[in-house]
Amino acid sequence: MSDAKTTDLYEVTMAMSYLREGMTAPATFSLFARDLPPGRGFLVAAGLESALDHLSGLLVGPEDVEAFADALHRPLRDLQPLLGLEFTGDVRAVPEGRVVLAGEPLLEVTAPLPEAQLVETYVLNQLNHRTTLASKATRCVLAAAGHPVVDFSLRRTHGTRSGFEAARAGAMAGFAGTSNVAAATALGIPAVGTMAHSYIEAFPTEEDAFRAFARAHPGPVTFLVDTYDTEEGVRTAARVLRDLGPAVYDAGSAVRLDSGDLGALARRARALLDDADLPGVRITASGGLDEYAVEELVGSGAPIDTYAVGTRVGVSADAPYLDTAYKMVEYDGRPVMKLSSAKVTAPAPKQVFRGPGCADVIALAGEPAPDGTQPLLETVMRDGRRTGPRATLAACRDRLSADLAVLPPQARRIRQPVAPRATVSGQLGDLTARVRRELEERTTAAAGLV
């Protein structure tokens, strides 16, 4: 079943008008982030695969036409021209996992104008949300400096689908696992988890809870130690683990800290575990963590082995959205642009050429690649059909790892990053100036007729 109704109403009104006017020539729309959110030195492209799923499955059926007519309070016959509309166009896009900068197109759609217009809302939604999450998750991996990071965000994301996407974004960024069983199963990534404080509270004593848990889960086990008194919880966990033997405590077992001064508690827990001759028992930390908190803990030398990030990462709390736009840049072979103050767009289909150190050049799509650069946008859909198989998470991770390796250190910083700025090619700059001049002249002439 198509998601044709998952669109803003004005997309329908415009598509209907285009059809009535016979405006069905090819149009190119470019999707890009105008600026990076505060505190970001880069973005990680994501959401392309779900956008392509939508485009390849789009079909406006009778029930969609009825819904459009009802929403517009119009006779059904007025919306009938939309019946049977499919996406038959082409898509060029930056593959998922690649680092992108402000102003660079993540995706360009070229299709008959009504088709290209109708899909705007859905495509923007997918790339906006998922790029936001992938960028946040990647910063957590950078902050952890080699320590495993796992996703605990499902319970507080904005809906279960968003929770799934947070888990996928984490997997793309290099997370070691997720608490989300559905995501772990679908994505083929490890499912991870321990116990809640309620589990401890359900038993007469903390030790009773730990021993019961170990009976149900032969190992390795992770004990949540901060329900009552954290230090006493660590001592109790150490006693139980010693009784379980090295086959359990040296097989990846851990204690988990979820509240308080995590750095200080981790140091005390490490000392207690070492005193109990349990150097192989690990420490997992959770509870309101994001890349800022993780960086502080890592930088302080806290003996934490694994970081579990949740709410703040699953909703990208400090930067929950991107200032993305989906703007027409060409219609029927004519370059077009927007001149509104602070929202000027550049005309014509584009390509981004990446040089060493993410020295990117935004150019016209037909320009030759400058020496030592590679194009970022690839043709991923032609005539409404994918040009290749779906990208795997492994391929996305590899792309991201390669791009991060050449991203300037100041852009990778967690605090006060400095983002590289893409430059504009001479040809694109000249075309932009010419189209602007023509539009201003046309606007002036029209005003003189009033």
Side-chain angles (χ1 to χ4, degrees), residues 6 44 46-47 49-50 53 96-97 125-141 143-144 147-202 213 216-217 220-227 252 254-259 262 282 284-294 297 304-322 392-393 396-397 400:
T6 307
V44 176
E49 294 300 330
S50 58
D53 286 343
E96 289 194 304
N125 175 277
Q126 297 302 294
L127 271 71
N128 191 330
H129 179 232
R130 301 184 193 205
T131 297
T132 297
L133 295 179
S135 305
K136 182 74 169 178
T138 299
R139 284 166 52 81
C140 290
V141 172
H147 294 83
V149 181
V150 295
D151 162 52
F152 275 12
S153 68
L154 176 59
R155 62 182 55 203
R156 293 195 181 96
T157 55
H158 297 157
T160 54
R161 185 64 198 179
S162 181
F164 181 96
E165 295 309 328
R168 184 177 184 274
M172 183 188 302
F175 281 21
T178 178
S179 66
N180 186 334
V181 177
T185 302
L187 300 173
I189 58 179
V192 296
T194 56
M195 60 183 68
H197 294 103
S198 59
Y199 182 85
I200 307 295
E201 295 164 351
F213 192 82
H217 305 280
V221 293
T222 297
F223 295 144
L224 180 61
V225 295
D226 68 343
T227 303
V255 296
R256 175 178 155 219
L257 307 171
D258 190 55
S259 57
L262 295 175
R282 302 170 183 173
T284 295
S286 59
L289 297 180
D290 59 8
E291 71 268 42
Y292 301 104
V294 170
L297 288 165
I304 295 170
D305 299 287
T306 300
Y307 293 92
V309 297
T311 304
R312 295 179 184 276
V313 176
V315 301
S316 189
D318 66 317
Y321 68 93
L322 299 177
T392 65
L393 273 176
C396 295
R397 280 194 296 267
L400 179 53

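Only this structure's heavy atoms are used, side chains among them; waters, hydrogens and symmetry mates stay out. Not measured: the values here are computed from a predicted model.
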What residues form a ring pair (Phe, Tyr, Trp, His ring centres under 6.0 Å) with His197, not counting sequence neighbours?
none
If we ignore angles and hydrogens, is there a donor and acceptor under 3.5 Å between the side chains of [X] and [Y]?
X	Y	value
Arg130	Ser50	yes
Arg139	Tyr292	yes
His129	Ser162	yes

By the ring-ring contact (aromatic ring centres under 6.0 Å, His included) test, which pairs, at least two apart or in different chains, include something from residues 152-172?
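Counting only pairs at least two positions apart or across chains, no ring-ring contact (aromatic ring centres under 6.0 Å, His included) contact touches residues 152-172.
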Please evaluate residues Asp151 and Ser153 with respect to the criterion side chain to side chain donor-acceptor pair (under 3.5 Å), reporting the C-alpha separation (whole Å), side-chain torsions for both, the decisive distance (0.1 Å), and the verdict.
CA-CA 6 Å; Asp151 162 52; Ser153 68; 2.6 Å; yes
Does the side chain of Thr284 reach to within under 4.5 Å of the side chain of Val255, using non-hydrogen atoms?
no
4.5 Å side-chain heavy-atom contact, Pro320 and Val315:
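No, their side chains stay 4.5 Å or more apart.
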Within a 6.0 Å radius of atom CZ on Arg397, are there more than 12 heavy atoms belonging to other residues, nucleotides or ligands?
yes
I'd like to know if Arg256 pairs up with Asp226 as an ion pair, taking the criterion as any Lys NZ or Arg NE/NH1/NH2 lying under 4.0 Å from an Asp or Glu carboxylate oxygen.
no
Check ion pair Glu96-Arg168 (N to O, under 4.0 angstrom)
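Yes, Glu96 and Arg168 are salt-bridged.
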Sorted by chain and number, sequence neighbours left out, side chain to side chain donor-acceptor pair (under 3.5 Å) with Thr392 holds for none
